[in-house]
Every structure is written in C-alpha cells, then in structure tokens.
Protein chains: 2
Amino acid sequence: MGRKRTKSGKIRLAEVAEHAGVSPITASRFFRNPEALSVAKRARVESAAKELGYVPNLAARALASHRTEVIGVLIPSLTNNVFSDVLRGIYDASEGNRYSIQLSNTRYSILQEEKLLRLFLAQKPAGLIVTGIDQTAESHAMLEAADCPIMQIMEIGPNPVDMMIGFSHYDAARAAIAHLFEQGHRRIGFLGARMDPRVQRRLDGYQAAMKDAGLFDQRLIVATATPTSVTLGGALFTDLLAKSPDIDSVFCANDDLALGVLFECRRREIAIPEQIAIIGFNDLEFMASAVPTLTSVRTNRYEMGRMAATMLIDAIEGRRPEQPVLDLGFKVIERQSSPARRSDSRPGASGAGAANKMVALPSSHD
Amino acid sequence: MGRKRTKSGKIRLAEVAEHAGVSPITASRFFRNPEALSVAKRARVESAAKELGYVPNLAARALASHRTEVIGVLIPSLTNNVFSDVLRGIYDASEGNRYSIQLSNTRYSILQEEKLLRLFLAQKPAGLIVTGIDQTAESHAMLEAADCPIMQIMEIGPNPVDMMIGFSHYDAARAAIAHLFEQGHRRIGFLGARMDPRVQRRLDGYQAAMKDAGLFDQRLIVATATPTSVTLGGALFTDLLAKSPDIDSVFCANDDLALGVLFECRRREIAIPEQIAIIGFNDLEFMASAVPTLTSVRTNRYEMGRMAATMLIDAIEGRRPEQPVLDLGFKVIERQSSPARRSDSRPGASGAGAANKMVALPSSHD
DNA sequence: GTCGTTGGTGGTAGCGCTGTCAACGTTCCT
DNA sequence: AGGAACGTTGACAGCGCTACCACCAACGAC
C-alpha cells in the first residue's frame, strides 16, 4: 500500500507528476516541449521520470493528440539492392529521435500502393515517404489531402505533392548513352527488366538519345516485365544478340543485368570492351570489383534516403525546407568495360553536360 | 442537423453501431470476433461499416485493450541480401491480416538490440521476431518476461526463448568442408567478414572439420570484422594467398566474398576450379550465373521469414505450434567451381550426413 | 497605481475503444 | 416442469494521455 498505482504496477504520467510534485499536465509538457517549463520543474520531472523508469504510453498519446509519431514508408521492393541503400539512409536519419518507421512494400503495384496509403493515412502518420511520382489519381488526391508532410523519393518530376528528392532517370540514361557515343559506339543495345516507371524513363532517355543521333533501332531494345536478376541479364543479352548481332555496346538498366551480361560474354568468349562495351546503372558495389570493372551511372541512394527522412522530420517539426524539391543528380563512373578510346579525350568525367551532374548537398543538420 | 458526429466528421464505432441499430459493444465485437454475433447482426454491422466507410482507430483500440497488432522485427542489417530475403518472407506472410510489421535494425550490436527491445516491449507488441540466439542476458530476461510470442530466426540453438526457426551454421560449414574433402581438397582456406555470431559459427564448423581431418592450420584463416562486400572478398583472398600460397580451395563465409574471390582469380589468372576451388554460403541468385558457376550452401531464407511470421501469428492467435523449434536445414549446391573429381562419386548431393539436410516443411496453413 | 502582457501552471473534459460483468432468451437435460 | 447451460447482447467504467481554456504572478507601459 505504498505508492498509488494502477493494478498493473505500471508507471503512468500521473505517478511521475506526483513524484515530481507537479501537475500531470506539466509533466506531460516536459516530454513534448521541455522549453515551456521553468528550469526547476524541468529538472524535477526529468529526475522523477528517470527514477521511476517511466515509459510513455504511445497509444494514449496518439488517442489524445490525434497524431502518431510514425513515419510511413512505401517502397516497391525489399529485394532490390537499390532500395536497401535508401532504407538504410532513412533508418539512419530516423535514429535517435522520437519517430519510428513503418515500412510497407507495394510490389511495384500502384493499386497496392493506394491500398496501403489508405491504411497508413488512417493511422494519422507524422509523415509519409512514397516511392516515385506515378501514383494513381486516387492516391494523389489522398496525399494532397493528407495533413502531414509527404516526401516523394527516387526521382523528380513536375508536380510534387509536397517535397521531392531524387534525380532524373531520363537525364541519367541520356548521360550513359552520351558516354558511349563519346567512346565511338553506335549500335547500342538496351536491356531492361521489371520496367517500372523509373526503368521506363531510362528507356525513354535511351530512345531520345538514340533518335537524336539518328541511330534508333527498335531491334536494339530488349525489355521485360520480369523482375531483375543476374541470370536474367544473361538471358536478355542472348535475346539481344539474336535480334542484333552487330551491337557494339549495351546499356543495362541496372547493375544486376550488367553483371549477367558480363558473365554471358565470358561464356561466349566475347571480349569486353573490345567487342562489346557495357554500362550499368546504379553503381552497386560489385561494379568496381568485377573483371573487367564495369562502368555505371552512380546514384546517391543512401543520401537520398537520409536526406528524405531528415527533411521530412524537419517539416514535421515545422522547419519547412527552403527548397522542397531536391535533385541529387548522378554521375557516370567510367571503368574498363567502356574505356575512353580516344587519347585526346579528357580523363575521368566526360564533357557531356548532364553526365557529371552532382548537386552539392546541404550539410546535415545535426 | 443530420447525423450525429464528432466535430471532425470522422466515423466512429458508435456511428456504425447506431447505423446498424446495435449497441457499440456489439459493433466492436464484430471487428474482433465476428463469430460471436448472430448472423443477422453480423450482416447489419458489416454493411453499416462499409456504407459509412468506417476505419477503426488503432490508438484507441490499443489503449483500451492494452495490446497492439504490431509485430516487431529486429534484424542486424538492411543492406545484407540475406536479410532482405528473410524480410520479404515476413512481409509476405503478414500480408492480408491485421498485423503490421515494425522493423528496426540493430547494426550487429547486441547492446543496440537490447535498447530496441526495450523500446518495442514498451509498445506491447503482438509478437516479436529477433535475429539469432546471442542476446545479452538482460535482453534474454526481457524476452522471457514478455507476454507475447517470441520468434528467434536465422539459426537454431539449445535454449529457445519461445519459438525458433533456422538452421545450424556449424553443420552447414562442416558440410561445405566435407564437400571439398570429397573432391580431394586438403588445403582449404577460410574467408570471413563481419564475423557476427553466425559467421563465427561457420568458422567453428570449418575449424572442427579441419581439425577432425588433421588438416587444421591457422594460416588458412582470414577473418575480419569489416562488413562484407565483393571487393573485400578479393582483398581477403589476396591476404590468404600471401599467408598460404599453397591453398587448393577456399570456403567463403558468404557469397559476396566468393564472387570477389572469383574476380580476384580472374585478375591473377588463377584457374577455377583447376588451381583453386571455391564454395560460398547462402546461394544467392548470382552464384548460378557466374562463370564458372559457383558452388554454395543453399539456405532457405525466404521460407525462414515466411514460416517465422506465419508461426508467430498463429501463436499470437492461440494456435501454438506442436513443434516450437524448426530446423530448415541447408543444402550444398555443387557447381563448376568445385566439381566432383572422382567419377565414382555419386552425382548431386554428397554422401556426407549433414550435407543434404533439407527438412520437410509443414504445408502453409491458408 | 492600474492595465495589459507574458511566461508558467493547473483543472476539466474528453480522445474512441474494449474489459468486465450482468442480463436476457433459448435450448437441453434430468 | 425445473433448472442448468449456452449463446447473445448491452451498460458501465475506464485505458493514459493531451487540447483547451483559465488562471496566477511578475513585469513594464501609461
């Protein structure tokens, strides 16, 4: 019969307040807005909470405040390495603060995305991170109507719902093709898997570049809705060779495909880059390690996730970014699979306008 | 003035009940335990809910019931492909039911794990999935005391907190070495990165196998705490060659390292498998596609995640498994990087006891 | 000295739902 | 026929916290 408690023995805010000699509401304020308290009470509540081992009840808080401290994240895939880097950035940025991440995967279906969005929104999240800019009209309307900050990631486009962080897959693909043009390649194949909107835009960039150069040929394109894999890269390359035996290079819409092409070339004893040059997309870690090392378009995935979560949290807490749309750019990383052929060309970064488009990042705020 | 509502215009359970002509509590029961209602009322509530577009308030539910419908998942890494497969299984299994997944990563730190565990437990999760069996004493105590089902995944061990699903990394490593022995290899190197508990147990298995055969040599082992990567595989292999130039084969504690070794061999013009045989671990997709194709120990990661979530949900809902510890086994997949040398050996699965230890899976319950 | 203003504090009244228990009608058993 | 047992329903009282508003002291402006 010592201290007053609920039957469960759980420490509630009321116990902390009593222990600190303040009213419950003052104790409550301590956790939400400590600056509003006098220094003396702040210290008293703090030590009382620590002493009692108080753990706030999030459900009660959510119920009373009509808000949660959950950041919802919708990504299309958990398998794809690309997203794991982004996720790592998001989790890193959300660590150490009050927000918790709730992750769902849409499996590349915008209908599934719409469903999950509805689910998330019903929980009144503090903020939302969604992948891409191709939501259904319904989803878009829900996002517009949501009373929390929204971050769209992975690419940038004309009509941000709220904030946006990514890069132009179209420009990146054009830069990749420009790089191959520079090396003197003309019969450039395209290999694409999954063909989600971002891969589609890479294809668009490829087509535009080829058409501009008067080199477009439908037979150079092999694209499938099948999920990507290294094995698939070999298979698609085989298809490409059958359609267009005279190709001199391949642009792979992602690095797994590029690795598959590398192995398929080994199998067929096709010399890289002498007979076929290869360029991938994303610049995953293994690209620098392969034999020969593989050229790729580097994208800033970790940074994208980290910045997205950081900006989102800032926005949730009222610190709106001066610039809601951030282009993180990309960079063609030239390696042995597509080396400069002409000795007069500058080494390293190519001269093509967009090819070296690294945007300076605002410094991290902590 | 029309229907009675809260100021926000939100549909609450009370509105649904009124619309259906039942009491709020009956409506509540409809969502938790429909079988308890008479067929007539069930239908009335159902249509009322649908008509009004009712969305339950999870915070209120959690507050009143002292429970949530969150399944907490603690994994060491988001980058590692191994976990992304497991996660995919978990998400797949949790789809379509009421539970939502809350993911956190411990970054391979058991102290961080303990901290996160405390955080999760405070939220009264419906269930918890944790990685491995090497929790701190404190963590273990918390898990034991938790009033929700607990699932430990990735490996199996002697003292399950509750349920457990995985396989023996020790046995799997022994099977890998047994396979190399069968091909006549004697100077077998070991390459390990990160050296988390599971990799450590693979090393233990390697050492035991080598000692049993009288072939153990400390100079055959190269292990580092550095996170794994393909590039690292090449570097570790370089170290190994410097320490033991006479090796005839390498057991890589994961497939990224194996791929790095493959490339390093290419660079050094070492013939695989003639000069060096390679065996990896996990059997990631690219292993079957490499040139030469790479032998590996297949582990059932997706299945592990799917089964873990399925069994956990069953346990949450009172359907306790007859068998709380499930060994999903492994299988040595023999490929070109370590082909059978003796024509008299049986093809495919080796004869070694543990080498082909695939446990039959209980059929999925839906 | 009065008035407004500010910073700090507390009281009241819920947030939307469910646990508990009581009560009812119906069926089945003896 | 009486009673137990069951299935179904409802009333009530919170769960633990915060929004809202009221209040009080301290201060400066006039």
Could you walk me through whether B:Met307 and B:Tyr302 pass side-chain contact (heavy atoms from CB on, under 4.5 Å), step by step?
CA-CA 9 Å; B:Met307 290 293 302; B:Tyr302 173 80; over 6 Å; no
side-chain contact (heavy atoms from CB on, under 4.5 Å) partner of A:Ile71, chosen from A:Ile90, A:Leu103, A:Leu128, A:Ile316:
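That would be A:Ile316.
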Let me know the distance between [atom1] of [X] and [atom2] of [N], rounded to the nearest Å.
{"X": "B:Glu69", "N": "C:dC17", "atom1": "CD", "atom2": "P", "result": "13 Å"}
{"X": "B:Leu13", "N": "D:dA11", "atom1": "CG", "atom2": "P", "result": "14 Å"}
{"X": "A:Phe31", "N": "D:dT18", "atom1": "CZ", "atom2": "P", "result": "9 Å"}
{"X": "B:Leu58", "N": "D:dC15", "atom1": "CG", "atom2": "C1'", "result": "16 Å"}
{"X": "A:Asn33", "N": "C:dG8", "atom1": "CG", "atom2": "P", "result": "10 Å"}
{"X": "B:Glu15", "N": "C:dG16", "atom1": "CD", "atom2": "P", "result": "9 Å"}
{"X": "A:Glu18", "N": "D:dG16", "atom1": "CD", "atom2": "P", "result": "15 Å"}
{"X": "A:Ile11", "N": "D:dC17", "atom1": "CD1", "atom2": "P", "result": "11 Å"}

With a 4.5 Å heavy-atom cut-off, do B:Phe83 and B:Leu78 have their side chains touching?
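Contact flag for B:Phe83/B:Leu78 side chains = no.
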Nearest listed nucleotide, side chain of [X], among [options]:
{"X": "B:Arg12", "options": "D:dG16, C:dG16, D:dA11", "result": "C:dG16"}
{"X": "A:Val22", "options": "C:dC17, C:dG10, D:dA11", "result": "C:dG10"}
{"X": "B:Leu63", "options": "D:dT18, D:dG16, C:dT9", "result": "D:dG16"}

Salt bridge flag under 4.0 Å for residues A:Glu69 and A:Arg61
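A salt bridge is present here (some side-chain N lies under 4.0 Å from a carboxylate O).
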Of A:Pro56 and B:Val39, the one whose closest DNA chain D nucleotide lies more 5':
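Final value for this comparison: B:Val39.
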If you find the nucleotide of DNA chain D closest to B:Glu35 and the one closest to B:Ala60, which residue's nucleotide is nearer the 5' end?
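Nearest nucleotide further toward 5': that of B:Glu35.
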Is [X] close enough to [N] that one of its side-chain N or O atoms is under 4.0 Å from OP1 or OP2 there?
{"X": "A:Ser28", "N": "D:dC17", "answer": "no"}
{"X": "B:Tyr54", "N": "C:dC17", "answer": "yes"}
{"X": "B:Ser23", "N": "D:dT9", "answer": "no"}

Please determine, by modelled atom types, if [X] and [Y] share a side-chain donor-acceptor pair under 3.5 angstrom.
{"X": "B:Gln123", "Y": "B:Thr68", "value": "no"}
{"X": "B:Arg32", "Y": "B:Ser28", "value": "yes"}
{"X": "A:Gln102", "Y": "B:Ser100", "value": "yes"}
{"X": "A:Ser109", "Y": "A:Thr106", "value": "no"}

Pairs touching residues 84-93 of chain B that satisfy salt bridge (charged side-chain N to carboxylate O under 4.0 Å, His left out), sequence neighbours left out:
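Every pair satisfying salt bridge (charged side-chain N to carboxylate O under 4.0 Å, His left out) with a residue in residues 84-93 of chain B: A:Arg107-B:Asp92, B:Asp85-B:Arg88, B:Asp85-B:Arg301.
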Not counting sequence neighbours, list each pair that qualifies as a salt bridge (charged side-chain N to carboxylate O under 4.0 Å, His left out) and has a residue in residues 119-146 of chain B.
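Qualifying pairs, neighbours excluded: B:Arg118-B:Glu138, B:Asp134-B:Arg201.
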Got a list of protein N/O to nucleotides 19-21 of chain D N/O distances below 3.5 Å?
{"residue": "D:dA19", "atom": "OP1", "partner": "A:Arg67", "partner atom": "NH2", "Å": "3.0"}
{"residue": "D:dA19", "atom": "OP2", "partner": "A:Arg32", "partner atom": "NH1", "Å": "2.4"}

Exceeds 12 heavy-atom contacts within 6.0 angstrom, atom CZ of B:Arg67:
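Open: at most 12 neighbouring heavy atoms sit under 6.0 Å from CZ of B:Arg67.
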Any residue meeting ring pair (Phe, Tyr, Trp, His ring centres under 6.0 Å) with A:Tyr54, in chain and number order, not counting sequence neighbours:
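Residues passing ring pair (Phe, Tyr, Trp, His ring centres under 6.0 Å) with A:Tyr54: A:Phe31.
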Per the end-axis method with five pairs at each terminus, what is the bend angle of the helix from C:dG1-D:dC30 to C:dT30-D:dA1, to 10°?
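The value is 30°.
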Return the residues of residues 40-49 of chain B meeting this criterion: a heavy atom under 4.0 Å from some atom of DNA chain C. Order them by number, or give none.
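Within residues 40-49 of chain B, no residue comes under 4.0 Å of DNA chain C.
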